[in-house]
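Here the structure comes first, spelled out in structure tokens, and everything after it is commentary.
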Amino acid sequence: MEAFQLLSRGGLKFDKNRFKKDVELFNGKSKAESKKQLSNEDSELPAELDFFKYAQGGPSKRKERSTNAEGPAGKKRKIDEEESEQDEDDQDEEDQPKLLHQRHRVTTKGNNVPEHADTFEQMRDRFNLSSHLMANLSKYGYSHPTGIQSYGIPILLSSRDLAAISPTGTGKTLSYLLPVMAALGAPSGSSKIDGGSGVRAVVLAPTRELAQQIHNECLKLAEGRKWRIVLFSKATANTLKDKAARDKVDIIISTPLRLVASIQSGSLELNNVRHLILDEADRMLDSEFHDQVQEIVAACTRADIQKAVFSATLPANAEKIAMEMLSDPVRVVVGLKDTPLPLIAQSLTYVADDASKLPSLLTYFAQPYNPPVLVFTSTQPRASSLAEELVLNNIPNVDCLHAGMTKKEREDAISRMRKGESWVMVSTEVMARGMDFKGVREVVNYDFPTSVQSYIHRIGRTGRAGREGKAVTFFTDEDGPYLKSIANVLLQSGSPVPEWILKLPKPSKMKRRQMGKVKRAEMVNPARKIGKNDALKKKEMIEGSKRRKAKGQSKREAEEEDSDS
DNA sequence: AAAAAAC
């Protein structure tokens, strides 16, 4: 466990020169590294390592090596065109990354939907935004609002409840933070505040890392103001033991359970909360978080509270719960619901079984890749051991992050990632949602995601803020039952899918259970292993599907299955 | 369907 952390070179400054030195080091050292050198296009730095430009938001100079033989470019472009047709064409073409946001169609639903605003200046004029806020926006590079920002911000500034669905990396955080800031006025505890004392805004997020990231954003926007913005943790909860200290807090950002603990111990009141935001709303409303969140909602007793939920995905059941907790809500959907960005080039890779995954990943890293790469596994032990394996195989700058690690270890891993010191980050679902590492260009699903939502959020760690990204998903024989639903997501967002996968019908619930049993039977008798090569596998899967069809699963049944979540 | 995450 410590081994790979030692190797990950924590603490060093990240600059181009050091990078170059490392590259030179690799030159004389390992075969895998020198292979990477082969793709060097400019003399200065191997092209695949030159993500500095990318990290700064510039266009990628090496257009489409990443899509390999399958080349989805044609399909991708088609979708872009379709979307731009439906949107306003009055943008100038220079501002490439920003423009991409505007290309998505935006649909709104609700009573008297407040009109959207095309610029932050329009928002300022309509809603009297402070010069502080405007200055901080431009200071941190928010020059032009994204789709969700130009629709969501006016809605929230009009004191309406909001359910916002917008793809990963399209600026949802600012969409809810800006209106909260605009509404705050004087800091809590000052005599100018009307209508009660205490915390006035609460933002809930599913992981510590995400809460921390939101907190950072919040601090940027609040620069120059005296608001108290608290990232809620055990430590900060303790500093708020006496009511006088609590009454000076303006905004709390927290994970649900931490907040519930404080409410129950009587050390926190939410009776003055005027804004409650659920980020990653579908996650916050799933069975594990639902009761905690409802308890927090119940503790917010002000009648005029404004509530808003945000996510890139919102399955029907979660949307129903969300809509029930909102009053007279406006619903905004940017792009196609539950569809990733077309600028993420996605592909599926068959790896017969679990034992074949590591060799496949090593092959992946033996070819040119763009660090940092985010690798997702299904469990914490698998994340740890995979990270160790990669270190043992001389993959440089490997890091690991899962919720089984200590708070400090997690914070250190995040900070290495932010500094660009991690080239490969192996992690679990904890990193799947919300985390914004602008430099991430490649995501590898080492273990198959357990839901379409998980898939969309995981691959959404790349392709952020209008940049390109690449996502590779390994699948084994065991993943067969879920393969088609993911394949449909690829198709929807313009990435190519091998035809044989599309021919697979989605098995009914009963069949899925049966496949599960077969799976277990095979594991008992490992002597009989199938699916050694891809061709065999295709045959196997297609024949399986024919058998299922023959047994009487109608096409309509299959379609019905497709529509459930 | 199923693990992860939350304290």
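Each chain gets a letter, A, B and so on, in the order the sequences are listed, and its residues count up from 1. Every heavy atom of this structure was used, including side-chain atoms; hydrogens, water molecules and symmetry mates were not.
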Within this structure, what is the [atom1]-to-[atom2] distance between [X] and [N], rounded to whole angstrom?
{"X": "A:Arg283", "N": "B:dA3", "atom1": "CZ", "atom2": "P", "answer": "14 Å"}
{"X": "A:Glu295", "N": "B:dA6", "atom1": "CD", "atom2": "P", "answer": "18 Å"}
{"X": "A:Tyr446", "N": "B:dA3", "atom1": "OH", "atom2": "P", "answer": "18 Å"}
{"X": "A:Lys407", "N": "B:dA5", "atom1": "NZ", "atom2": "C1'", "answer": "16 Å"}
{"X": "A:Gln380", "N": "B:dA6", "atom1": "CD", "atom2": "C1'", "answer": "12 Å"}
{"X": "A:Leu257", "N": "B:dA5", "atom1": "CG", "atom2": "C1'", "answer": "10 Å"}
{"X": "A:Glu209", "N": "B:dA6", "atom1": "CD", "atom2": "C1'", "answer": "12 Å"}
{"X": "A:Phe376", "N": "B:dA5", "atom1": "CZ", "atom2": "C1'", "answer": "14 Å"}

Mind checking if [X] touches a base, just sugar-phosphate, or nothing, with heavy atoms under 4.0 Å?
{"X": "A:Pro256", "value": "nothing"}
{"X": "A:Arg410", "value": "sugar-phosphate"}
{"X": "A:Ala261", "value": "nothing"}
{"X": "A:Ser451", "value": "base"}

Output yes when at least one side-chain N/O atom of [X] is less than 4.0 Å from OP1 or OP2 of [N], else no.
{"X": "A:Thr255", "N": "B:dC7", "answer": "yes"}
{"X": "A:Thr207", "N": "B:dA4", "answer": "no"}
{"X": "A:Arg382", "N": "B:dA3", "answer": "no"}

> Judged by atom type as modelled, is there a donor-acceptor pair below 3.5 Å linking the side chain of A:Lys357 to the main-chain atoms of A:Tyr446?
Replying inline: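 Judged by distance alone, yes, a pair lies under 3.5 Å.
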
> Taking the side chain from A:Arg246 and the backbone from A:Lys241, do they hold a donor-acceptor pair closer than 3.5 Å?
Replying inline: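 Answer holds: yes.
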
> Does the ring center of A:Phe475 lie less than 6.0 Å from the ring center of A:Tyr350?
Replying inline: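 A:Phe475 vs A:Tyr350: aromatic centres under 6.0 Å.
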
> Ring centres of A:Tyr176 and A:Phe310 under 6.0 Å apart?
Replying inline: yes

>> Please identify which of these residues, A:Arg410, A:Arg461, A:Arg433, meets the salt bridge (Lys or Arg N to Asp or Glu O under 4.0 Å) condition with A:Glu209.
In response: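 Filter result, single survivor: A:Arg410.
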
> Picking from B:dA6, B:dA3, B:dA5, which would you name as closest to the side chain of A:Thr379?
Replying inline: B:dA3

